[in-house]
S.K.: 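Have a look at the structure that comes next, please.
Start at 1 and go down the list; that is how both ligands and their atoms are numbered. Below, each value reflects all heavy atoms present in this structure, side chains not excepted, and no hydrogens, waters or symmetry copies.
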Amino acid sequence: MSPHQLPAFRRRASGATNVEFACGNFAIARRTAYFVDSRKSKNIFGRSFLLALLLLLSASRSYPQTAAELPVNSTHAAKHTNTSDTWPQQAVRGTHAMVATDEALGSQAGVTILKQGGNAVDAAVAVAFALAVVEPAAGNIGGGGFMLVRLADGKTNFFDYREVAPAKATRDMYIQDGKLITDASTLGYRSIAVPGTVAGLELALKTHGTMKLAQVMAPAIRLAKNGFPITEKLVREFDEEKPGLEKYSVSKRIFLTNSRNQNHAYKVGDMFRQPELAATLQRIAKNGAADFYRGKTARMLVADMQSNGGIITSDDLANYRPKIREVLRAHYQIEGHRWDILTSPPPSSGGVAIIEALNILRQTPLKGWEDLQSVRMVVETMRRIFADRAAYLADPDYSDVPVAGLISDCYGKELFATIDPQHASSSKEIKAGTPHVCGISAGQSTSSNMVVSLGERPHTTHFSVVDAAGNAVASTYTLNDSYGSHVTCSAGFLLNDEMDDFTTQPGVPNALFGLIQSDANVIAPNHRPLSSMTPTILLRDGKLSFVTGSPGGPSIISATLLSVINWMRLGMDAQAAINAPRFHHQWLPDEVVLEKEFSPVFEQALNADGYATKRKGHIGLVNAIGIDAQTGDRLGAADPRDHGSAMGY
Ligand code: DON
């Protein structure tokens, strides 16, 4: 009997049960076992569908659709207090296109643009602007992020619109008397890095889109101007974030006081209108990113900075440049199929970490997350990739990140050899390795002494889009903490606290994630702070197969990795790959973080093997899209852990 009871999953219909991983002349064969007991799982798909339909009916009044009216299939988890036995068990199926985001209104914005004839990039830009209105915790124009694009003709691009440190930023700007100043890098004007989102979205649209900014921004502008009904999730967030938001007058006015209701706090169902944000979005729609970086919005932002002790100047804004980077790639042979992984290069640490992990794990069979040995192998892998992350990853424009060595097969094999399958390793003993490419031998191992812990509350957002032609977008963007710095610009948008992703004091954990990171990631003007955001796309036999990514700080890497393993190696259905329980280990602190679905018996078995454990309600929010290899249908698998929404047609 398995050591714990998890919802069981069946393998995708396609493919045999024999899984073969091949790497050069190395190959192993393995029988995997994933079964579904559909009687066990209450399916709320019907209820979610009705709710979403109601939402769509009301939304359609504010979103005139010009294209043929194809029915939209959708689902979203309606309640915060949802538990895994009420989660949808099936992905949303669309024969043409699919959008999966954290919010129904965000997904609807993407579908609207697709139905107007836009491609996946047009829709993704529409989603990003819409989430900036309806998901203030993470959706943004005052933050930054990454967008991975894979076009149906095989072209790929990675848009890096990560924030940068202002010119006046200094290595020790958050240190006083040898200590980090409490909250300095996470709250208020001095925690804000130069935002990249607007420039990045404009660049992606110009490079691959077919529509004008004004057209793709129309849903966002309507949502900001006309408003939308406040959800239970927003009421809860405003309440949770009150201590930070009430410190800043614009934040307090916009998020904490409903001027139409005698300035009381918002209640569920109240209309949430954001006229300043609507005006800003309208200016951007008309004048492009130039408004944000050199126009009226820039002037408003700089004036706010000057009167509140911030350091971002008009030059910082005018000098901001998004970058197009080469996509990071690896490939695997599984069950006679070639899998290509397309993922995020530095300044993301995630793509390197995920390929490094897959290279380690291809040396070993994996059965699933009811199997103690499989969980242990992945935990030991996570321990090692996070040790390397802490030592080697930083902004590639300013440091020499050994990417080729970290993602080489030979290095993965060497790290695998350091895992004792019978006993837990200790993070005190596991140091960063010596990455090297095949054929060149490794030198002395670099030792490091980093401490890492996991933040509990922060938020970021990932969304995935696939259009009818097969163009795909995976995008993750963020304000860093939930509601970022908690400062709202007088132009109506929240500003990030991304400065905390730098090594704020070498040798000391940063405030939000308790990460000690390398000296290469110290604060310096114009540098990009290291990120864990990892938008990722999988191809199977050269065809689009899976689009994924997650929020979660360091656990972004674990959540995204697990979704990839679930789809590519364990052959789970799309929704099962998202619902499956998650776990996380980030080297230091030396503990396995388990979602609540793991049983006490399973946890005790890990403890008996020498693993310290800790519980977390949920890890990551993965909004993914799978492609049915037989029919080509798009399978929208939004994360039910917190209101994910997939819509397709
Ligand atoms: O870029 C990063 O790695 C972090 N700023 C992401 C923060 C995050 O995911 C918070 N959310 N859940």
Side-chain angles (χ1 to χ4, degrees), residues 102 131 135-140 142-148 158 160-165 185-186 191-197 200 233 237 240-241 343-354 385-386 389-390 393-395 452-463 475-486 494-504 509-515 517 521 523 527-536 549-561 582 584 586 593 616-623 639 641-644:
D102 273 352
L131 292 178
E135 192 184 17
N140 70 81
F146 303 136
M147 184 181 286
L148 173 62
F158 181 80
D160 165 0
Y161 51 95
R162 184 74 165 158
E163 303 91 326
V164 299
S185 61
T186 55
S191 68
I192 302 167
V194 183
T197 297
K233 176 177 164 183
E237 283 179 3
E240 279 171 6
E241 303 299 334
T343 187
S344 309
S348 165
S349 57
V352 168
I354 282 183
I385 62 173
F386 272 98
R389 179 199 189 275
L393 271 295
D395 183 343
V452 188
S453 74
L454 189 67
E456 292 290 332
R457 276 183 24 257
H459 204 45
T460 288
T461 189
H462 173 84
F463 58 89
S475 185
T476 316
Y477 74 147
T478 188
L479 292 165
N480 196 25
D481 202 352
S482 251
Y483 292 75
S485 61
H486 292 72
L494 278 153
L495 288 151
N496 70 83
D497 59 346
E498 220 70 55
M499 291 299 285
D500 190 58
D501 274 346
F502 280 112
T503 306
T504 42
N510 68 346
L512 205 51
F513 299 113
L515 284 161
Q517 309 182 90
N521 187 39
I523 301 169
H527 285 213
R528 284 160 154 81
L530 182 61
S531 174
S532 298
M533 293 185 288
T534 319
T536 295
S550 178
S555 68
I556 288 174
I557 294 171
S558 308
T560 307
L561 172 66
R582 298 186 185 134
H584 172 72
Q586 59 180 43
V593 185
K616 201 160 184 254
H618 70 242
I619 295 173
L621 290 173
V622 180
N623 296 311
D639 203 319
R641 287 166 178 77
D642 198 9
H643 297 254

S.K.: Where does Arg162 meet ligand 1, judged by heavy-atom distances below 4.0 Å: at the side chain, the backbone, both, or neither?
M.R.: side chain

S.K.: Just by modelled atom types, is the Ile619 backbone N or O under 3.5 Å from a matching donor or acceptor in the Arg582 side chain?
M.R.: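 Yes: the side chain of Arg582 pairs with the backbone of Ile619.
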
S.K.: Which residues pass the salt bridge (charged side-chain N to carboxylate O under 4.0 Å, His left out) test with Arg528, sequence neighbours left out?
M.R.: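 Asp160.
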
S.K.: N/O to N/O below 3.5 Å, does that happen between Gly552 and ligand 1?
M.R.: yes

S.K.: At what distance, to the nearest 0.5 angstrom, does CD of Glu163 lie from CG of Asp497?
M.R.: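 Result: 9.0 Å between the selected atoms.
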
S.K.: Distance under 4.0 Å to a non-hydrogen atom of Met533: what atoms of ligand 1 satisfy this?
M.R.: 1 (O), 3 (O)

S.K.: Applying side chain to side chain donor-acceptor pair (under 3.5 Å), can you list everything that pairs with Ser531, at least two apart in sequence or on another chain?
M.R.: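 So Ser531 forms no side chain to side chain donor-acceptor pair (under 3.5 Å) with any residue.
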
S.K.: Should one rank Asp501, Asp500, Asp497, Ile556 by closest heavy-atom distance to atom 4 (C) of ligand 1, which comes out on top?
M.R.: Asp501

S.K.: Which of the numbered atoms in ligand 1 are under 4.0 angstrom from any heavy atom belonging to His459?
M.R.: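 Listed by number with element: 10 (C), 11 (N), 12 (N).
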
S.K.: Has ligand 1 got any nitrogen or oxygen that is less than 3.5 angstrom from a nitrogen or oxygen of Thr460?
M.R.: yes

S.K.: Which atoms of ligand 1 are found less than 4.0 Å from any heavy atom of Ser532?
M.R.: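 Within the 4.0 Å cut-off of Ser532, ligand 1 contributes 1 (O), 2 (C), 3 (O).
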
S.K.: On the 0 to 90° scale, with breaks at 30° and 60°, tag the Tyr477-Phe463 ring pair as parallel, tilted or perpendicular.
M.R.: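 Aromatic pair Tyr477/Phe463 classed perpendicular.
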
S.K.: Any donor and acceptor pair, going by atom type alone, linking the side chain of Thr504 with main-chain N or O of Asp500 inside 3.5 Å?
M.R.: no

S.K.: Decide whether an N or O pair under 3.5 Å exists between Pro551 and ligand 1.
M.R.: no

